[in-house]
2 protein chains.
Amino acid sequence: MVLDRHGLDGMSMRQVAAELGVTVSALYAHVSSKDDLLELMYTRLFDDFEMPEADPERWQEQLLEFARAGRQRLLSHRDMARISMAHVPFTAELLPHVEGLLAIFRTAGLPDRIAAEAGDLISTYIDGFVLEEGMWQDRAAQQGGDGSSLARPDWREMADDMQNYFASLPEADFPHLRALSGLMVTDSSDERFDIGLQIILRGLASYLPDREDRATSDG
Amino acid sequence: MVLDRHGLDGMSMRQVAAELGVTVSALYAHVSSKDDLLELMYTRLFDDFEMPEADPERWQEQLLEFARAGRQRLLSHRDMARISMAHVPFTAELLPHVEGLLAIFRTAGLPDRIAAEAGDLISTYIDGFVLEEGMWQDRAAQQGGDGSSLARPDWREMADDMQNYFASLPEADFPHLRALSGLMVTDSSDERFDIGLQIILRGLASYLPDREDRATSDG
DNA sequence: ACCTGAACACCGTTCAAGT
DNA sequence: ACCTGAACACCGTTCAAGT
């Protein structure tokens with residue numbers, strides 16, 4: 001199959017067929033449904049995804065890298081976050097990744113109960129975040145117009161507008177929003193992703209049995 | 001507008017129109033697009049959503065209750081999690097809820113930087129979780145068949161199958177999955193939701209400046 | 001084994017026309 | 001002010017028929 005370079009948005013079966021120079025119905029000889037096709041693409045997407053050797057001294061960095069890399073893959077093709085969400089990752093191709101995640105959690109010292117749920121939480125976070133940012137992009141592009149007349153949305157300008165809006169709210173009703181107006185819309189997607197993940201990782205760390213700054217006592 | 005009782009799945013404009021005893025095109029006199037309609041429903045959905053008075057002694061319980069209540073609302077109508085995700089909650093109707101969340105974070109003592117991102121994280125979690133569980137339900141229902149011949153999916157049986165599958169994996173390649181096979185698929189959605197949220201809340205708590213068990217010193 | 005053409009049962013949206 | 005009817009430009013999927 002040669003349909004890995006897409007970038008399409010709505011990605012309809014008809015468009016895929018057209019791109020392959022073939023009728024729509026021909027696709028159904030190779031694939032039982034659109035969902036099936038997306039599933040194939042999804043599996044391919046993580047084909048060469050390498051899981052690190054679990055290192056208990058670096059478990060947080062390893063998870064951060066894992067999550068960032070996962071987000072990047074999902075961002076590289078449209079709709080991948082949605083199909084990722086629809087999947088329980090218990091297929092033959094994806095199980096090694098689940099195992100790799102569990103290895104990181106358990107060798108780090110997390111209790112089994114938490115280790116069993118942590119992968120789920122991180123996956124939900126990655127999928128949810130990517131899906132959300134995709135939707136926001138779509139909405140912004142949609143509002144910005146078809147590239148014809150109006151100037152394109154201008155990200156920084158929007159942020160400024162928001163900031164001014166928050167600062168202009170009545171003090172009596174919105175003291176906290178006013179106080180944080182300078183912090184609410186300033187970060188890039190990358191920063192927001194990392195901060196959210198950091199909070200999750202610190203939550204996981206809180207379950208570690210011994211939380212002292214153990215000097216690297218080799219023995 | 002009288003279209004708040006739906007439960008519809010695909011919820012097409014045509015179905016809405018039929019339910020109201022009207023042609024499709026008539027809808028466009030009241031609503032500029034399907035997205036607009038969903039937006040109206042979404043706003044209505046949180047009309048009477050009460051935010052608690054921020055209590056620094058109970059901030060974690062308050063957030064847990066907030067998240068549970070939010071999830072319940074989103075579950076009550078199809079597609080609401082998706083439209084929720086597409087929205088930055090900075091509309092006149094939703095701003096009071098954002099303010100209420102910020103109040104909880106800040107009176108609890110979280111640093112402003114974290115408070116500004118925490119609401120985002122929790123919202124992404126709620127939306128992502130609900131969207132995911134909806135998709136899993138859809139898939140299960142789809143596979144289970146149209147209620148005709150085969151016995152319906154039977155939740156517990158599926159969990160047992162999964163557990164057996166994990167336990168049967170080769171020890172050399174999947175030691176951690178094998179070790180956790182009894183914990184990977186046992187929890188209900190409600191439990192998984194709470195555990196994930198608990199991890200996030202403990203992550204937030206890790207940013208509190210003084211983390212001692214302060215006796216309730218009044219004064 | 002792989003494809004085509006035509007059809008079926010849907011979508012969201014628009015627009016002239018009616019009362 | 002509110003609705004209808006018909007159309008436009010799409011969907012995913014199926015199925016008999018071709019080579």
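None of the values given here were measured: they were computed from a predicted structure. A note on names: the letters A, B, ... follow the listed sequences, proteins ahead of strands, and every chain is numbered from 1.
- Between the side chains of B/Glu93 and B/Thr43, no donor-acceptor pair of N or O atoms lies under 3.5 Å.
- Between the side chain of A/Gln163 and the backbone N or O of A/Gly182 there is no donor-acceptor pair closer than 3.5 Å.
- Remark: A/Arg202 qualifies as a cation-pi partner of B/Tyr207 under the 6.0 Å distance and 45° angle criteria applied to the six-membered ring.
- In this structure, the side chain of B/His176 does not engage the main chain of A/Arg106 through any donor-acceptor pair within 3.5 Å.
- Distances shown here put every side-chain N or O of B/His30 at or beyond 4.0 Å from the OP1 or OP2 atom of D/dA1.
- Here D/dG12 presents its C1' atom at 13 Å from CD of A/Gln15, a figure rounded to the nearest Å.
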Below 3.5 Å between N/O atoms, which protein atoms pair up with nucleotides 13-18 of chain C? Just atom names and distances, please.
residue: C/dT13; atom: OP2; partner: B/Tyr28; partner atom: OH; Å: 2.7
residue: C/dT13; atom: OP2; partner: B/Lys34; partner atom: N; Å: 2.8
residue: C/dT13; atom: O5'; partner: B/Tyr28; partner atom: OH; Å: 3.3

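- If you look at A/Tyr165 and B/Phe90, their ring centroids are not closer than 6.0 Å.
- Here, C/dA9 and D/dC10 have their C1' atoms 13 Å apart, quoted to the whole Å.
- D/dC3 and C/dC15 are spaced 13 Å apart, taking the C1' atom of each and rounding to whole Å.
- Around CD of B/Glu171, the count of heavy atoms belonging to other residues, nucleotides or ligands within 6.0 Å exceeds 12.
- In terms of heavy atoms, B/Ile199 sits closest to A/Ile200 at CG2-O, 3.8 Å.
- Note: CE (B/Met11) to C1' (C/dC11) measures 13 Å, nearest angstrom.
- Within the 3.5 Å criterion, the main-chain N or O of A/Glu117 finds no donor-acceptor partner in the side chain of B/Arg192.
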Secondary-structure notation, DNA chain C, from Watson-Crick and G-U pairs under 3.5 angstrom (| other strand) | ||.|||||...|||||.|.
